[in-house]
Amino acid sequence: MPKRLLQLLGVCALAFTMLGAGTPATSFDKIGHQLMCQCGCGQVLLECNHVGCPVSGPMIEELKAQMASGLATGGILGWFVNKYGPVVLAAPIRGGFDNAAWIVPFAVFGLGVVAVLMLARLWRQRHATLASANRHETTAPHISDAFRDRIRQETDLP
Amino acid sequence: MLHPMPSFGSFSLLIALALSAYTLFAGTLALFAIAKKRSLAISAEHLLETSRRAGLASFVVISCAAFALIWAAFTNDFSVDYILHHTNRALNPAYKFSALWSGQEGSLLLWAWLLAAYGFVLRLRHKVDVTLSAYASTILAAVQTFFLLLITFATHPFSIVPGGVPPADGFGLNPLLQYPEMVIHPPMLYLGYVGFSVPFAFALGALMMRYPGEKWIHITRRWTMVTWLFLTCGICLGMHWAYAVLGWGGYWGWDPVENASFLPWLTGTAFLHSVMMQEKRGMMKSWNVWLIFITFLLTILGTNLTRSGLVSSVHAFAQSSIGSWFTGFMVLTFAVCLFTFFYQRDHLRAENRLESLVSRESSFLFNNLVLLAACFTVLWGTLFPVLSEYVQGSKVTMGPPFFNRVAIPIGLFLILLTGIGPLLPWRSTSLRAVRRNFVLPCIAILVTAGALMFAGVRPWQDDEPTSGVYALLCFSLGAGVITAIVAEFLRGAAVVRAQTGKHLLASAFLLTRRNTRRYGGYLIHFGVVVMFIGLAGSAFNQSKEVEMGFGDSLQLGSLRIVCQSYSQDSNANYDTDYAILDVSRNGKAITRMTPERRFYTASQQTSTVVAIHSTLARDLYVVFMGRNPQTDRPIIKVFINPLVNWIWIGVGIIVFGTFIALTPPLTPATRRVEFHERSRIGGLPLLKEPLGTLGQAKAAAVESGHA
Amino acid sequence: MLSYRRRSASTAGLMNFSVLLPATLLTLSCFAYIFWPQHGTSHAVEKTRLDYLRERKEVIYENLRDLNFEYRAGKYPDDDFQRQRELLEGEAATVMTEMDSLEV
């Protein structure tokens with residue numbers, strides 16, 4: 001049963017990490033949410049809420065212009081990176097070291113799961129050997145009836 | 001020119017520094033003498049008592065300093081640089097009070113003050129365990145000395161303006177901070193941050209003195225829970241403030257400073273869970289010690305991140321050099337923890353081992369794993385820009401898309417565990433006994449998923465299915481967990497009913513009172529799930545931004561919004577521009593909303609006042625964005641945010657659950673109460689206690705009342 | 001405080017006083033409080049073995065109560081429950097035997 005549980009957990013993990021790997025739809029909204037406003041507000045471009053923000057307005061115009069030129073998502077994002085530097089991307093997606101940002105958390109989580117499972121196994125084995133060695137100590141026989149009676153009376157629910 | 005009140009404040013800080021340093025040194029000396037059984041010129045006990053009193057006095061003295069600063073704010077003493085920069089004459093008195101923490105210097109003073117307050121309570125209650133409290137008091141004094149050094153030498157709150165002649169009026173408080181929650185949010189958050197120093201001090205102290213047994217956990221449990229509650233409330237008030245004030249329609253932007261407050265919350269939550277393993281089963285001692293060490297270090301890191309300018313954040317205070325102070329303190333603390341751990345590690349040997357993979361213990365292991373993985377992910381995301389700059393020479397942004405993609409799956413795992421954990425019993429078990437306990441929650445999950453799909457939640461039909469799928473999973477898992485919690489209550493209540501013959505509801509009530517900690521905990525879980533359901537609602541947010549003249553209307557979802565008029569108003573503190581909008585659904589009027597935009601004269605800054613109409617199903621959130629400079633027509637942005645209210649309700653349930661968990665439990669009556677006298681043994685005072693569980697449990701309750 | 005500043009230089013002495021007096025008072029009262037003769041200091045009581053055992057016993061009892069409760073709530077099969085209970089009772093008996101030997 002635990003094995004089946006583990007398999008299930010594995011499938012879930014795979015499902016979660018694979019989500020969002022769908023086809024890229026080149027829509028204004030989607031790209032606009034992958035870019036950050038550069039006015040220093042720290043907000044996503046399309047969510048920057050300063051009216052008269054000197055930066056987000058022109059940036060949105062640039063985005064519209066780039067989309068009108070028929071560039072693909074990657075091309076548009078690349079154009080923005082060239083103009084504003086990599087900080088314009090809301091998340092690092094340029095490949096190379098940027099990949100580490102995505103891989104490391106899942107890798108650490110995976111390693112953690114493995115470590116916990118190994119630890120649990122180790123503990124269980126140690127417990128099993130201890131238990132078999134101390135079988136005579138840990139089981140009932142040497143508890144006197146008086147003690148057992150007292151313990152039960154003091155701990156049993158009425 | 002002399003400035004009596006600022007001088008008094010400065011002087012108080014110096015005395016407080018001297019007192020803290022004395023508490024630290026006298027405490028260290030006395031404890032060292034006691035531990036090594038060395039004799040000093042005066043008795044170690046007396047020295048320890050002077051150390052304790054100095055610690056108590058330091059609270060009073062820091063209070064004087066804080067009072068001096070607040071006094072300066074209320075009397076418009078603009079000769080104090082800090083007051084000049086954070087208040088003005090027309091400012092509402094409540095916000096003058098909050099000037100104490102609206103800047104770097106003041107907030108560090110608040111930090112030191114709260115630390116002293118925690119220390120004050122700890123030192124007053126030292127009789128719980130005199131030696132352990134002395135260790136904790138000395139360690140707290142060390143932390144307090146650091147903060148007082150910082151305040152006195154790096155960021156002095158009582159600096160006088162250059163020339164000493166005050167301007168006629170101050171520069172005013174940042175308008176974003178002029179909001180009722182901002183009077184509560186920072187102190188709450190700081191109470192949470194600072195509070196983790198107490199369990200940290202107890203844990204480190206217990207390790208230093210090789211404290212026998214796990215009683216120190218019992219003593220610190222309430223401290224930790226109260227601290228956790230403060231931190232939770234602080235974070236959630238911050239969320240609500242961001243939602244109601246910043247006007248971007250969301251409550252959590254994964255800003256480095258938000259993350260910084262979230263990190264110790266995650267490790268603190270992990271600690272609260274895994275410490276039960278140590279208390280009940282004597283397991284995971286080293287792990288727990290490190291969890292609380294890390295939690296404390298994360299609170300310091302959080303403060304460092306906010307102030308040092310290491311990462312860019314909208315929250316950050318003015319960049320300053322105090323980052324190096326914090327880094328130095330963190331390194332020192334870590335070194336002390338590491339040394340103590342290695343020196344005393346044989347003291348932390350476990351008494352029991354895990355017996356089965358399917359037990360409450362192992363579910364705690366996984367819970368810790370997931371919480372720490374979440375903590376690591378958030379920390380990683382927060383610090384990756386720094387790392388990237390170091391490795392590839394260019395800074396990158398780690399915005400919401402990163403965190404949403406990475407943190408949400410971890411959050412869903414956490415919900416799953418919230419459901420599974422309580423169903424498993426302690427120690428070893430075969431799954432066969434509890435298998436049927438899983439049936440109902442699984443049915444609830446499937447039924448909810450089916451019902452939602454039937455009702456039209458079919459994310460795979462969207463362009464961007466991810467968030468919809470997550471939401472669907474979250475709703476279904478949430479339903480499962482709630483079912484599991486309710487079933488758990490009912491199962492317990494059935495046992496109590498069998499004992500007492502009361503009806504089910506009364507039994508459930510009695511059950512909760514008998515084991516407040518467990519059932520309070522379940523209530524907290526319930527609150528967390530409700531909150532998650534609210535968070536998942538964001539997958540279905542809608543928004544629209546339009547220019548609206550008189551009589552113009554817009555349609556969003558089923559709601560129709562008509563602009564009735566615009567108006568302007570003005571008072572001493574600010575000028576207001578606002579819109580009057582009528583909201584209707586299917587021709588039926590629902591409400592009238594008035595979003596505002598304010599211009600604060602003192603600080604020359606504008607801010608929005610969002611209008612929100614909340615129901616259980618959705619929030620209608622309207623922002624007056626300002627006027628289009630070309631047409632002079634107002635721009636209105638409207639959001640429909642489903643289920644946001646569930647978040648705040650969830651927080652309410654969490655707070656309620658924590659209060660339940662904090663109340664001392666009723667003693668479970670057992671069959672027989674026996675009496676027998678104890679004789680005096682060793683250095684023990686005579687204990688004349690009626691034995692039997694009733695008497696013992698009562699004594700324990702009294703004791704825990706002290707803890 | 002503003003009114004202070006409007007006063008002429010002749011009141012400088014008074015202002016000096018107003019700066020020094022509270023600070024001095026605060027320092028003196030702190031000193032007095034800290035070094036005031038101590039009566040009935042709570043002495044650091046070394047935790048005895050018996051104290052430790054008493055705590056252990058209470059924890060084991062708590063575990064036993066939990067076990068009983070969870071068994072009745074249907075979380076343990078009979079044989080598992082019996083085994084667990086005997087183990088815990090064994091632990092409790094060991095602790096209580098030692099307690100009895102210390103208490104005599």
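Throughout, a chain's letter reflects where its sequence line sits, starting with A, and its residues are numbered from 1.
Judged as a salt bridge (Lys or Arg N to Asp or Glu O under 4.0 Å), not a single pair has a partner in residues 32-44 of chain A (not counting sequence neighbours).
Residue contact with chain B, scored on non-hydrogen atoms closer than 4.5 Å, involves the backbone of A/Leu46 exclusively. Heavy-atom distances place no part of B/Val623 under 4.5 Å from chain A, backbone and side chain included.
Between A/Leu89 and B/Val396 there is no side-chain heavy-atom pair separated by less than 4.5 Å.
Among B/Thr608, B/Asn368, B/Val391, the residue making the largest number of heavy-atom pairs under 4.5 Å with chain A is B/Val391. Contact count versus chain A (heavy atoms, under 4.5 Å) is highest, among B/Ile410, B/Thr606, B/Leu387, B/Thr500, for B/Leu387.
In summary, the aromatic rings of B/Phe376 and A/Phe109 are positioned with their centroids too far apart to meet the 6.0 Å limit. For A/Phe97 and B/Phe384, the distance between ring centers is under 6.0 angstrom.
The OG atom of B/Ser362 sits 11.5 Å away from atom CG of A/Leu119, with the distance rounded to the nearest 0.5 Å.
In plain terms, the two heavy atoms of B/Pro401 and A/His33 that are nearest each other are CG-O, 3.9 Å. Of all heavy-atom pairs spanning A/Val87 and B/Lys395, the tightest one is CG1-O, 3.4 Å. Shown here for A/Pro105 and B/Phe402, the closest heavy-atom pair between the two residues is CG-CZ, 4.3 Å. Taking both residues in full, the closest heavy atoms of B/Arg405 and A/Phe106 are given as O-CZ, 4.4 Å, listed atom of the first, atom of the second, then distance.
Looking only at distances, no side-chain donor or acceptor of B/Trp248 sits under 3.5 Å from a matching main-chain atom of A/Gln43.
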